[in-house]
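The figures that follow rest on heavy atoms only: side chains count, while hydrogens, waters and symmetry mates do not. Order of the sequence lines sets the chain letters (A, B, ...), proteins ahead of strands, with each chain counted from 1. Computed from a prediction, not measured in an experiment: that's the story for all the values here.
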Amino acid sequence: MRLAPIAAAALGLALALPACGTGAPAPEATGEITFWDTSDATTEAPAVRRLIDEFNAAHPDYTVHYENVPFADAQDTFKTAAQSGDGAPDVLRADVGWVAELAALGYLAPLDGTPALEDPDDFLPTPYSSTRYEGATYAVPQVTDALGLLYNTELLAEAGHTEPPATMADLKRAALDVGERTDADGLYLNAADGFFLLPHYYAHGGDLLDTEAQRITVNDGAGVAALEEVLDLIESGAAARPALTDTYATMQTAFKEGDVAMIFNGPWAMGDLRAGSAFAEDPANLGVAPVPAGPGGQGSPTGGHDYAVYAGSGEAEAAHAFIRFMASADTQAALSEELGLLPTRASVYEREEVASHPTVRDFAPVVETARPGVWIPEGGTLFEPFTKQLPAAVSGSATAQEALDGVAADYRAALGWD
Amino acid sequence: MATTLSPAPGAPPRLRPGRGGGGARAAAGRLRRAASRHFYAWLLVAPVAAVTAVLIGVPFARGLYLSLTDATEATVGRTVGADEIPAAYDVVGAGNYLAILSGEVGEFWPRLAWTVVWTVVCVACHYGLGLGLALLLQRPVRGRAAYRVAMVLPWAVPPFVTAFTWRFLFNQDYGVFNAALGAVGLPAVPWLNDPFTAKVAVIVVNVWMGVPFMMLALLGGLQSIPREHYEAARVDGASAWQRFVHITLPGLRPVSAPVVLLGTIWTFNQFPVIYLVTGGGPGDSTELLVTYAYRMAFSGIRDYGGSAAYGMLILVLLAAMALVYQRAFRRGGGAW
């Protein structure tokens with residue numbers, strides 16, 4: 001196995017690490033901890049389990065119990081367990097959008113100055129920003145991701161475009177050309193999901209909120225221009241008329257089957273897409289480019305996951321040692337090489353075996369221009385109002401301004417801001 | 001209570017009617033008599049009654065209390081490891097209820113209107129189709145047992161499997177229904193994109209799921225109607241329709257009344273179909289009261305007070321409905 005040498009290196013480094021810095025080998029305390037992993041149970045979890053086995057073997061005094069918790073339920077389950085004071089894990093793999101909320105509720109332990117936060121300067125600033133809440137660090141970045149423009153090279157070429165579109169205007173032109181000159185649609189937008197709308201917001205220089213001024217900006221001029229752009233793409237026929245239920249799955253299927261030439265999606269989708277009939281035989285047909293720019297800028301939202309420690313964990317030392325291992329450059333490199341996860345440490349991108357992974361290679365430029373999200377306790381509720389309000393705009397029964405005013409009203413109720 | 005089994009010293013071995021005593025004594029005597037007569041029944045029921053009181057009563061009381069407060073996930077007391085975070089919420093009395101009923105929070109009235117439409121249409125279809133199928137399966141046909149098993153199938157499939165399957169069937173671009181429409185040259189219907197067709201779609205799914213129960217219950221009811229009634233009617237020259245209206249329907253009453261009530265309550269609170277087929281969408285057009293209460297309770301920082309009040313309102317509505325319904329049936333000479 002190609003993993004073996006890296007695993008051995010990681011193991012060796014992990015063994016050596018506690019000794020450096022302190023001068024004398026620090027005596028390890030004993031501790032048993034539980035880790036809730038929210039990664040995909042079939043594609044990702046086996047690699048994580050192997051790393052945990054390595055950690056357990058290298059640290060006989062610590063024991064990590066692994067539990068795979070479905071991502072969709074994990075936040076709820078964790079909150080329920082944390083609040084009752086019973087059954088919460090010591091370490092949680094948390095979505096970047098959860099950290100501020102969990103920290104605000106008092107469920108996460110600050111990690112500044114602990115061994116968990118090794119070499120923080122090495123972390124990419126945008127994913128690292130997700131771990132901060134009110135001046136303290138509550139998590140350690142595991143993996144980062146962002147939306148890119150994924151395209152079917154053949155279909156674009158058939159429509160006369162050898163380069164992926166770099167601006168929103170080019171995007172519309174290329175999509176219309178695909179619609180005219182091929183059997184496929186040009187573009188499929190996940191139109192009812194606010195997260196997938198953010199590239200348009202950034203293209204117009206807007207954002208959902210101005211957290212510093214505590215102002216709701218979702219329905220200001222830039223926001224309306226962003227949504228109008230989306231509606232125009234659909235109305236003009238550049239983008240297929242999206243299904244409003246199962247939008248994401250329908251979009252994936254359409255792109256996989258070669259029924260549509262371009263979509264916005266992230267690195268998590270690459271494995272699924274490469275298995276589709278449009279790309280299975282010719283992986284090079286699947287192109288990835290940064291999301292197009294607009295008059296006001298360019299950027300896509302940051303996603304990803306962090307490791308966090310439950311504030312009620314009685315085994316902080318073991319938890320810190322475990323996170324230090326999981327967030328180390330070697331572990332990130334191992335996960336990246338095997339699964340194509342995008343590392344959160346700048347130094348890991350310099351390693352040849354990581355940089356040559358197709359997903360990392362394609363998405364590294366995308367992640368570089370990704371924007372930090374709005375890391376506030378209510379961050380988890382910011383996209384739901386879009387799901388409620390956008391269908392009316394997409395089906396033409398409300399204007400962009402009306403739909404976004406509805407979103408802003410929901411934000412006002414949730415945040416108490418102006 | 002213990003008097004019948006082991007007479008306490010000084011107490012009469014067996015209580016006699018409180019002859020010559022005062023009113024209070026008479027009442028106490030009656031009570032004691034009733035207690036002693038049903039002592040054994042009370043003894044048998046006591047553990048279940050106690051468990052039920054705890055299992056239902058405690059959460060109910062807690063929910064009622066929370067509905068009168070502004071408690072959220074951030075303000076309830078909690079223990080995080082060694083840290084004891086004290087509760088920081090206030091009792092707001094009817095505040096939550098007023099906010100919901102005035103439409104300030106939770107869009108109660110439009111949700112209620114759609115929930116009522118949904119319930120009435122679904123239960124009517126359940127009952128109508130269930131009765132029709134039961135009448136068909138009541139007749140002697142070859143392979144009747146196999147038909148009966150087949151008709152129960154939708155009930156045996158777990159709701160989430162049903163919901164996901166139907167959602168896929170309704171898919172605009174890759175679903176079976178639109179493929180079938182396309183095959184006969186008809187345009188595709190954006191089933192779950194349009195509020196009206198989405199409502200039709202969720203009703204279809206729920207009817208599919210609910211008919212087997214009605215059918216089975218009514219089939220049981222049909223079989224309990226004595227054959228002689230039909231024979232006598234036939235001798236008197238009653239038509240098939242007359243027999244149906246004057247024998248079958250009244251004969252089914254003892255079964256129909258409770259199953260319609262049950263079906264109404266289930267449908268009113270039908271969570272999985274809406275949540276899994278449309279997610280309440282498009283927009284929030286198919287959201288029922290109960291899925292809305294879930295959203296209040298579990299999205300973002302949980303609003304315990306508001307969602308508890310929402311839940312209490314649902315409970316009050318259903319309790320009132322059940323009461324009126326039962327009264328109406330009793331007045332109409334129903335069997336219960």
Engaged part of [X] at the chain B interface, taking heavy atoms whose separation is under 4.5 Å:
{"X": "A:Thr253", "answer": "both"}
{"X": "A:Phe386", "answer": "neither"}
{"X": "A:Asp259", "answer": "side chain"}
{"X": "A:Gln83", "answer": "both"}

Do [Y] and [X] have ring centroids that are under 6.0 Å from one another?
{"X": "B:Phe177", "Y": "B:Phe170", "answer": "yes"}
{"X": "B:Phe213", "Y": "B:Trp266", "answer": "yes"}
{"X": "A:Phe279", "Y": "A:Phe255", "answer": "yes"}

### Task
Give me the contact list for residues 268-296 of chain B versus chain A, heavy atoms only, anything under 4.5 Å, ordered by residue number.
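Checking residues 268-296 of chain B against chain A gives B:Val277, B:Thr278, B:Pro282, B:Gly283, B:Asp284, B:Tyr292, B:Arg295.
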### Message
With a strict 4.5 Å heavy-atom criterion, list every residue of residues 182-197 of chain B that contacts chain A, or say none.
### Response
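So the qualifying residues are B:Leu192, B:Asn193.
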#### Entry: Donor on one side chain, acceptor on other, B:Ser67 and B:Tyr97, under 3.5 Å
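Note: B:Ser67 and B:Tyr97 side chains meet the donor-acceptor criterion.
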Below 4.5 Å, heavy-atom pairs only: which of [options] has the largest tally toward chain B?
{"options": "A:Pro242, A:Ala413, A:Ala240, A:Gly379", "answer": "A:Pro242"}
{"options": "A:Ala88, A:Ala414, A:Ala243, A:Ala311", "answer": "A:Ala243"}
{"options": "A:Ala254, A:Gly380, A:Gly85", "answer": "A:Ala254"}

### Query
Say you draw a straight line from CZ of B:Phe164 to CG of A:Asp246; how long is it, rounded to the nearest 0.5 Å?
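Result: 8.5 Å between the selected atoms.
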### Query
Does B:Lys199 count as lying over the ring of B:Trp118, i.e. NZ or CZ under 6.0 Å from the six-ring centre, within 45 degrees of the axis?
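No cation-pi geometry.
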### Task
Keeping the roles fixed (side chain from B:Glu73, backbone from B:Arg302), state whether a donor-acceptor pair exists under 3.5 Å.
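Present.
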